[in-house]
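Data block below; observations after.
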Amino acid sequence: MITRLKGCPVNRALPVVRLRVPTDEDAIAWHRVFAHPDVMEFHGGRPAELSVYEELTARQRRHDAERGFCLWTMLDENDQVIGFTGAQPWERNWGPTGEIEIGWRLGREHWGRGYVTAAAQLTLERVRAAGVPGVVAMVDARNERSIAVTRRLGMRLAEVFTTPDARQKGHCYRLDLPAGTQASDPA
């Protein structure tokens with residue numbers, strides 16, 4: 001079966017991606033891949049320190065061991081680290097606290113090829129298999145690329161909000177994951 005992108009100028013097959021639990025070395029790879037200002041535009045505007053990714057990859061290993069899902073390292077068809085995608089609990093004291101958020105981040109040179117959509121579909125399959133009944137995606141209202149991914153995944157806009165700290169407009173998208181069904185086919 002070929003999965004195709006919906007809403008793209010050219011309807012093409014999604015690329016092959018592989019997900020793995022992040023390793024210690026992935027912290028260095030994430031630091032390098034996410035160093036572009038465009039990648040960090042909606043994540044503080046500037047590259048994070050290596051220590052941020054060291055802590056994040058360690059936390060994701062714990063999430064995977066405890067819950068069966070995490071933010072996985074995303075690998076392309078050549079097994080190169082190109083970003084991450086996955087799910088984790090929303091732990092802030094505002095928004096969908098305690099719900100499972102799906103998210104992604106991709107290195108700038110890999111944008112526009114369908115990697116995030118392909119990897120997010122794998123994520124939905126994995127969190128469904130882990131017994132998660134639904135996911136949310138918290139997206140900056142200006143982030144048109146991520147909003148397009150939520151649409152390709154079949155998510156619906158559930159809420160418009162303003163972040164308490166940065167006072168930015170955001171969108172909360174939702175998707176129910178009934179047991180025994182496959183991820184929404186974006187064809």
Side-chain angles (χ1 to χ4, degrees), residues 1-23 26 29-30 32-36 38-43 56-57 60 63-64 67-88 100-158 171-187:
M1 179 178 123
I2 296 178
T3 304
R4 300 203 176 272
L5 296 172
K6 180 178 13 177
C8 289
V10 175
N11 199 12
R12 59 191 159 115
L14 291 173
V16 173
V17 293
R18 192 168 64 86
L19 304 179
R20 73 169 180 222
V21 175
T23 64
D26 287 342
W30 290 6
R32 176 185 44 79
V33 170
F34 302 146
H36 195 286
D38 288 350
V39 173
M40 298 306 292
E41 178 180 4
F42 304 110
H43 306 284
L56 182 58
T57 54
Q60 298 314 310
H63 282 314
D64 186 73
R67 296 181 172 90
F69 57 87
C70 65
L71 294 177
W72 292 287
T73 294
M74 187 187 323
L75 304 163
D76 68 8
E77 55 278 350
N78 299 313
D79 281 339
Q80 297 297 316
V81 174
I82 60 173
F84 67 64
T85 189
Q88 61 182 353
I100 303 302
E101 181 194 26
I102 184 173
W104 45 80
R105 192 175 302 170
L106 186 67
R108 179 65 182 96
E109 67 188 80
H110 307 287
W111 287 9
R113 299 182 193 170
Y115 286 115
V116 168
T117 300
Q121 287 177 345
L122 289 173
T123 294
L124 292 176
E125 292 171 16
R126 289 182 177 191
V127 296
R128 180 182 289 108
V132 174
V135 294
V136 298
M138 301 295 281
V139 181
D140 187 298
R142 301 166 296 163
N143 190 340
E144 294 177 18
R145 293 178 303 277
S146 282
I147 291 169
V149 172
T150 66
R151 288 186 186 125
R152 286 186 207 109
L153 296 174
M155 300 184 87
R156 71 184 189 292
L157 178 61
H171 295 168
C172 176
Y173 293 89
R174 292 188 179 279
L175 181 65
D176 294 330
L177 299 174
T181 62
Q182 292 299 314
S184 162
D185 185 359

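In what follows, residues are counted from 1 in the order of the sequence shown. Excluded from the calculations below are hydrogen atoms, water molecules and symmetry mates; all remaining heavy atoms, backbone and side chain alike, are included.
Here T150 contributes atom OG1 and Y173 contributes atom OH; the two are 4.5 Å apart, rounded to the nearest 0.5 Å. Rounding to the nearest 0.5 Å places CG of D76 at 10.0 Å from CZ of R18. The distance from the CZ atom of R156 to the CG atom of L175 is 8.0 Å, given to the nearest 0.5 Å.
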**Request:** Before giving the answer on side-chain contact (heavy atoms from CB on, under 4.5 Å), spell out for R105 and M74 the whole-Å C-alpha distance, their side-chain angles and the decisive distance to 0.1 Å.
**Result:** CA-CA 9 Å; R105 192 175 302 170; M74 187 187 323; over 6 Å; no
**Prompt:** Hey, mind stepping through Y115 and T85 against side-chain contact (heavy atoms from CB on, under 4.5 Å) and telling me if it holds?
**Reply:** CA-CA 10 Å; Y115 286 115; T85 189; over 6 Å; no
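Minimum heavy-atom separation, V116 to W104: CG1-CG, 3.4 Å. Nearest heavy-atom pair across F69 and A87 is CD1-O, 3.3 Å. Minimum heavy-atom separation, P15 to A118: O-CB, 3.6 Å. Nearest heavy-atom pair across E109 and R113 is O-NH2, 3.0 Å.
Of the possible donor and acceptor atoms, one in the side chain of Q60 sits under 3.5 Å from a partner among the backbone N and O of L71. The backbone N or O of Q80 sits nowhere less than 3.5 Å from a side-chain atom of N78 that would complete a donor-acceptor pair. Side-chain atoms of D140 come within 3.5 Å of backbone atoms of R142 as a donor-acceptor pair (strictly under, hydrogens ignored).
Looking at residues two or more places apart in sequence or on another chain, you find a salt bridge (Lys or Arg N to Asp or Glu O under 4.0 Å) between R20 and D26. Under the ring pair (Phe, Tyr, Trp, His ring centres under 6.0 Å) criterion, H63 pairs with no residue at all, not counting sequence neighbours. Applying the side chain to side chain donor-acceptor pair (under 3.5 Å) test to H36 and every residue at least two apart in sequence or in another chain returns nothing. Applying the side chain to side chain donor-acceptor pair (under 3.5 Å) rule to N143 yields the partners S146; only residues at least two apart in sequence or on another chain are considered. Residues meeting the side chain to side chain donor-acceptor pair (under 3.5 Å) test with R174, sequence neighbours left out: E99. Scanning for ring pair (Phe, Tyr, Trp, His ring centres under 6.0 Å) contacts around F84 gives W30, F34, with sequence neighbours left out.
Under the 4.5 Å side-chain criterion, counting only non-hydrogen atoms from C-beta, M155 is in contact with V135. For the pair L14/T117, a side-chain contact is recorded, criterion being any heavy-atom separation below 4.5 Å from C-beta on. Put simply, the side chain of I82 reaches to within 4.5 Å of the side chain of L106, judged on heavy atoms. Contact of the V127 side chain with the L177 side chain is registered, since non-hydrogen atoms from C-beta on lie closer than 4.5 Å. Side-chain contact check for V149 versus R152: some heavy-atom pair is nearer than 4.5 Å. Counting heavy atoms from C-beta outward, V81 and L75 have side chains that approach closer than 4.5 Å. Between V39 and W111, the closest side-chain pair of non-hydrogen atoms falls below 4.5 Å. In this structure the side chain of R145 reaches within 4.5 angstrom of the side chain of E41, judged on heavy atoms.
Remark: E77 CD is packed, more than 12 non-hydrogen atoms of other residues, nucleotides or ligands lying under 6.0 Å away.
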